Number of protein chains: 2
Amino acid sequence: MNTLAEENYLKAIYKLSSLTESVSTNQIAAAMETKASSVTDMLRKLSDKTLINYTRYQGVSLTEAGEKVAINIIRKHRLWEYFLVEKLNFKWDEVHDMAEELEHISSNELIDRLDEFMGFPKRDPHGDPIPDCNGQLKINDLKPISALAVSAGGIISGVRDHSSVFLQYLEKQGLIIGKKITVKEIISYDNTVVLQMDNKVLQISREVANNLLIAI
Amino acid sequence: MNTLAEENYLKAIYKLSSLTESVSTNQIAAAMETKASSVTDMLRKLSDKTLINYTRYQGVSLTEAGEKVAINIIRKHRLWEYFLVEKLNFKWDEVHDMAEELEHISSNELIDRLDEFMGFPKRDPHGDPIPDCNGQLKINDLKPISALAVSAGGIISGVRDHSSVFLQYLEKQGLIIGKKITVKEIISYDNTVVLQMDNKVLQISREVANNLLIAI
DNA sequence: TATTATTTTTAGACTTGTCTAAAAAATTAC
DNA sequence: GTAATTTTTTAGACAAGTCTAAAAATAATA
């Protein structure tokens, strides 16, 4: 099996891979809040275990085996988040750190039973899709509010920023998953988005509009 | 906070302390399947953190702080075992290794919510008492079947041996928690105990009788 | 294209937790 | 009460994962 550190590197590489094909040492170091030299050491180790494709100075990508491990960790993370929110009544901004620990519990039998216990949920509390027990991951079909034109709208279905400050802000504004919104106006000066929601009108910054996702 | 290794040592010392007042280096080494020299190193570390009372060659005992940590780990272990059996339908001989990992999840808020979610259970699936959130642990009021005289009886309420071989054997014999048994005879040759249970008569060895606990 | 700047890797060191082998203390035996 | 045995500790080493500082490779620039 893989160590905790290895699992965290694989997860980070997986997430960065959705942005760029090949991931650089510095990107990984930044994502993991560590030094580039530490990353290099670990890359050699992961390469020896054939979990990544790596040649010096050329960046890395996950092998099929590495991706499988990464997706499994993400599956665990999201299922535990769902459990914490739906069964233990935590708020969506409180669960990240706990799930970060729980995702490393090794038993797959445990996570499959948990999945079943909760009725095979499709998305976690932040709207991220939950991979099934075969590693099948629903393709992301959400887009940011900032991509909408005036008079377009949709159902709030996810977030791109998972930080608790952001989630708490959304909660305070009532911008929670399931709410229907419509874009009334986009102020050209700074791209502030004016939204209609539940007979209320509210303004969100370009930044917020970029990180708040709706189903099309 | 404490490392995983530290937590496991504290737990081992706690368990050994129920047998003897002061715990020896070799006892700990045996319990943890490690070498005495490794234990000595860790004892100095735990002593520096004032989690144990330790003077060279004199054996160790937990300080109040150390006992608090140990009981908290045991609380977590037993609550997770209860969850795995009662909510995820695992069998009582399958849950130990998973609970061994889950007991190190740090959040106390999480474990308190889990406790509440399950209705504040008093005993884990093996009959061991679950400490409450203040570290209060019900005193053990169970005794082995081997301590009963002929014609005495009681309700099967716990086990002393948690190994899966033993638990599977009990399950196969129908000797599960909640069953009422009566001692019909004790064969003097080898102390085999003859039991009456549900209109059935069965024999168990002295060894088994020693590890199967009943409420008085 | 030669030079500068950036990125990545190497070299060497530190920490945690483990080990083996040897020394020191405590215990048991005669 | 000394000698033999057992237990415990020390000394020194190793693997994993991290770090700093310096070297090497790549990319950017003039």
Side-chain angles (χ1 to χ4, degrees), chain A residues 1-14 16-17 19-62 66 69-70 73 100-101 103-104 106, chain B residues 1-17 19-62 66 69-70 73 100-101 103-106:
Chain A
M1 253 303 103
N2 307 302
T3 67
L4 192 128
E6 286 168 358
E7 290 193 347
N8 284 331
Y9 273 94
L10 291 172
K11 185 176 57 157
I13 295 168
Y14 179 85
L16 292 167
S17 297
L19 308 171
T20 49
E21 187 60 42
S22 176
V23 181
S24 77
T25 302
N26 267 0
Q27 277 180 292
I28 299 169
M32 302 207 47
E33 295 180 311
T34 185
K35 303 292 160 165
S37 57
S38 307
V39 175
T40 301
D41 287 345
M42 183 56 88
L43 293 185
R44 192 175 309 107
K45 202 178 156 197
L46 292 173
S47 182
D48 288 349
K49 296 179 82 170
T50 63
L51 293 166
I52 59 171
N53 304 114
Y54 171 60
T55 37
R56 289 155 70 246
Y57 296 100
Q58 297 311 124
V60 294
S61 61
L62 294 177
V69 174
I73 296 163
E100 207 77 356
E101 288 183 57
E103 71 189 7
H104 301 290
S106 60
Chain B
M1 253 305 102
N2 308 302
T3 66
L4 191 129
E6 286 166 358
E7 290 193 347
N8 284 331
Y9 273 94
L10 291 172
K11 186 177 57 157
I13 295 167
Y14 179 85
K15 288 188 174 173
L16 292 168
S17 296
L19 307 172
T20 49
E21 187 60 44
S22 176
V23 180
S24 76
T25 302
N26 267 1
Q27 277 180 293
I28 299 169
M32 303 206 49
E33 295 180 312
T34 184
K35 302 291 158 164
S37 58
S38 308
V39 174
T40 301
D41 288 344
M42 182 56 87
L43 293 185
R44 191 176 310 106
K45 201 178 156 199
L46 292 173
S47 183
D48 288 348
K49 295 179 83 170
T50 63
L51 293 166
I52 58 171
N53 305 113
Y54 171 60
T55 36
R56 290 157 67 247
Y57 295 100
Q58 297 312 124
V60 294
S61 61
L62 294 176
V69 173
I73 296 163
E100 206 77 356
E101 288 183 57
E103 71 190 5
H104 300 289
I105 299 296
S106 60

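Because the structure is predicted, anything quoted here is derived from the model rather than measured. Here is how names work: the chains are called A, B, and so on, in the same order as the sequence lines, proteins then strands, and each is numbered from 1.
Between A:Tyr54 and C:dT9 there is a side-chain polar atom (N or O) within less than 4.0 angstrom of OP1 or OP2. A sub-4.0 Å separation between OP1 or OP2 of D:dT9 and a side-chain N or O of B:Thr40 is present. Applying the 4.0 Å criterion to OP1 and OP2 of D:dT7, one finds that B:Ser24 has every side-chain N and O outside that range. For D:dT18, the OP1/OP2 oxygens have no side-chain nitrogen or oxygen of A:Thr34 closer than 4.0 Å. Contact between the side-chain N/O atoms of A:Asn26 and the OP1/OP2 oxygens of C:dT8 is found at a separation under 4.0 Å. Close to D:dT18, at under 4.0 Å from its OP1 or OP2, lies a side-chain N or O of A:Tyr9.
With A:Tyr14 as the partner, the side chain to side chain contact (heavy atoms under 4.5 Å, CB included) test is satisfied by one option alone out of A:Val23, A:Leu62, A:Val69: A:Leu62.
Rounded to a whole Å, the CG atom of B:Asp41 is 15 Å from the P atom of D:dA13. When rounded to the nearest whole Å, the span between CZ of A:Arg44 and C1' of C:dA11 equals 11 Å. Between A:Glu7 atom CD and D:dA16 atom P the separation is 16 Å, expressed in whole Å.
Using a distance-only test at 3.5 Å, with no hydrogens or angles considered, a donor-acceptor pair links the side chain of A:Glu101 to the main chain of B:Ser106.
For the pair A:Asn2/A:Leu51, a side-chain contact is recorded, criterion being any heavy-atom separation below 4.5 Å from C-beta on. A 4.5 Å side-chain heavy-atom check between B:Leu43 and B:Ile13 finds at least one atom pair inside the cut-off.
The base of C:dT20 sits with one of its N or O atoms less than 3.5 Å from a complementary donor or acceptor on the side chain of B:Ser37.
The residue A:Thr25 sits close only to the backbone: its heavy atoms come under 4.0 Å of sugar-phosphate atoms, none of a base.
Comparing B:Gly59 and A:Thr3, the nucleotide of DNA chain D nearest to each residue sits closer to the 5' end for B:Gly59.
The side chain of B:Met42 approaches C:dT18 more closely than any other nucleotide in the set C:dT18, C:dA24, C:dT8.
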